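Written below as structure tokens is the structure these notes are about.
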Amino acid sequence: MSDRTGVGIVGAGAISAQYLRTLTRAPDLDVRFVADLDTERARARAAEFDVPGSGTLDALLADDAVRIVVNLTVPRAHVDVALTALAAGRHVWNEKPLALDRAGGRAVLDAARSAGLRVATAPDTVLGPGFQRALRLVRSGAIGTPLSALAQVQNPGPERWHPDPAFLYGAGAGPLLDLGPYYLTALVHLFGPVTRVQAVAARSREERVIGSGPKAGERFPVTVATQVSALYAFAGGESAQALFSFDSPLRRQRLEVTGTDASVVVGDPNMFDPVPEVHHADGSVLRTAPIRTRIGRGVGVVELARAIRAGEPERASGELAYHVLDVMLATLETATSGKVIDIHSTCERPALFPSTIREGEVD
Ligand SMILES: NC(=O)c1ccc[n+]([C@@H]2O[C@H](COP(=O)([O-])OP(=O)(O)OC[C@H]3O[C@@H](n4cnc5c(N)ncnc54)[C@H](O)[C@@H]3O)[C@@H](O)[C@H]2O)c1
């Protein structure tokens with residue numbers, strides 16, 4: 001039997017190519033199958049990356065050598081696919097968000113716990129060398145005592161480039177649930193769990209128009225807030241101010257952390273290679289070295305496989321993802337009610353990374 005960990009992908013859409021590029025290069029993974037409701041799409045994606053099997057999720061689960069199911073379906077399918085994989089005795093890597101609601105998220109974590117299996121969840125950009133460098137700077141005292149953060153992600157919306165973007169304006173998405181996981185997961189790595197949130201939100205249009213691909217020109221409904229402004233308080237007393245918007249002609253993605261001695265400009269937590277800078281009150285700036293990495297989406301699956309083998313906790317844990325989901329849902333609830341919401345879920349702050357995966361190792 002192979003000593004590599006067998007992996008099967010479910011969902012052969014836009015993001016699957018980035019995952020397959022990473023996973024098929026990882027020396028200790030064996031990518032065996034690509035599944036999709038659209039089996040022709042699965043076949044084509046499998047062929048592109050020399051993956052031997054393709055077809056339905058049932059056919060994937062019939063392959064006993066698949067130990068981790070990588071769930072890259074659209075958000076509304078995340079829970080069903082994850083529960084099906086767990087019921088078949090497989091560990092799960094889930095794209096974000098973990099679920100559409102708290103009940104779905106809890107059901108996935110409970111099913112994993114009772115079966116002795118793992119659930120880990122995107123984003124894994126927080127495991128990339130750029131964010132990890134910023135995290136090391138903060139944890140080593142380079143900015144003094146951390147006080148606050150500014151998180152901003154604003155753009156005109158993904159219908160300009162995504163060929164099938166309707167799901168990005170429905171339950172489980174919008175700028176908060178689609179892009180919020182990158183920023184909120186990074187903030188939890190930096191500060192620990194969120195304890196309180198207050199927000200306002202708005203939807204600028206009832207419909208949007210697909211801007212590229214075979215469906216270009218088609219209209220689709222918008223059912224979620226497309227601009228969300230939020231304030232977060234953290235367990236250690238830190239705070240963050242955040243903007244998540246698909247209503248902005250101006251594109252900006254930034255995460256900055258301010259401490260008593262300096263501020264660190266982290267860069268875009270949706271990327272693996274932002275180069276952090278440390279800004280001091282006297283105007284001096286510590287610019288850190290350029291980052292050259294081919295680590296990409298899927299590195300969290302590599303880390304999960306190694307954590308399972310080592311009997312150690314994985315960093316992109318389901319508990320962290322559940323906490324981030326709870327915080328995002330509370331953000332939308334406070335925007336509706338106008339009342340500050342206390343957050344009762346919590347999670348461990350993940351350990352620094354990499355200890356075992358080095359840049360270039362999955363090249
Ligand atoms: N596109 C991106 O740049 C990007 C980036 C990061 C994360 N993500 C996340 O990845 C996930 C997928 O996004 P995408 O852009 O690849 O979507 P997509 O619409 O391009 O692809 C999704 C695929 O999942 C398949 N699918 C849906 N339900 C299924 C089911 N029940 N069983 C099997 N297959 C099913 C669809 O047929 C489709 O091929 C989402 O959660 C998204 O938030 C996307």
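Indexing begins at 1, ligand by ligand and atom by atom, following the structure's order. Note that the coordinates shown come from a computational prediction; the quantities given were computed from them, not determined experimentally.
- One finds a salt bridge joining E333 and R102 here, because a Lys/Arg side-chain nitrogen approaches an Asp/Glu carboxylate oxygen to under 4.0 Å.
- Residue pairs meeting the ring-ring contact (aromatic ring centres under 6.0 Å, His included) criterion with at least one partner in residues 288-311, sequence neighbours excluded, do not occur; the list is empty.
- By the side-chain contact (heavy atoms from CB on, under 4.5 Å) test, A17 is found to be paired with R21, R45, F49, residues two or more places apart in sequence or in another chain being considered.
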What are the atom names and distances for all N or O pairs under 3.5 Å between ligand 1 and the protein?
residue, atom, partner, partner atom, Å
ligand 1, 15 (O), H162, NE2, 2.7
ligand 1, 16 (O), A14, N, 3.0
ligand 1, 16 (O), I15, N, 2.9
ligand 1, 20 (O), A14, N, 2.9
ligand 1, 34 (N), L37, N, 3.3
ligand 1, 37 (O), D36, OD1, 2.5
ligand 1, 39 (O), D36, OD1, 3.3
ligand 1, 39 (O), D36, OD2, 2.6
ligand 1, 39 (O), R41, NH1, 2.5
ligand 1, 41 (O), T73, O, 3.4
ligand 1, 41 (O), H78, NE2, 3.1
ligand 1, 41 (O), K96, O, 3.1
ligand 1, 43 (O), K96, O, 3.4
ligand 1, 43 (O), K96, NZ, 3.0

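- Defined by atom type and a distance below 3.5 Å, a donor-acceptor pair is missing between the side-chain atoms of T121 and N94.
- Contacts classified as ring-ring contact (aromatic ring centres under 6.0 Å, His included) and involving residues 171-209 (residues at least two apart or in different chains) are given here: F131-H189, F191-F234.
- For the pair H162 (side chain) and D164 (backbone), a donor-acceptor distance under 3.5 Å is present.
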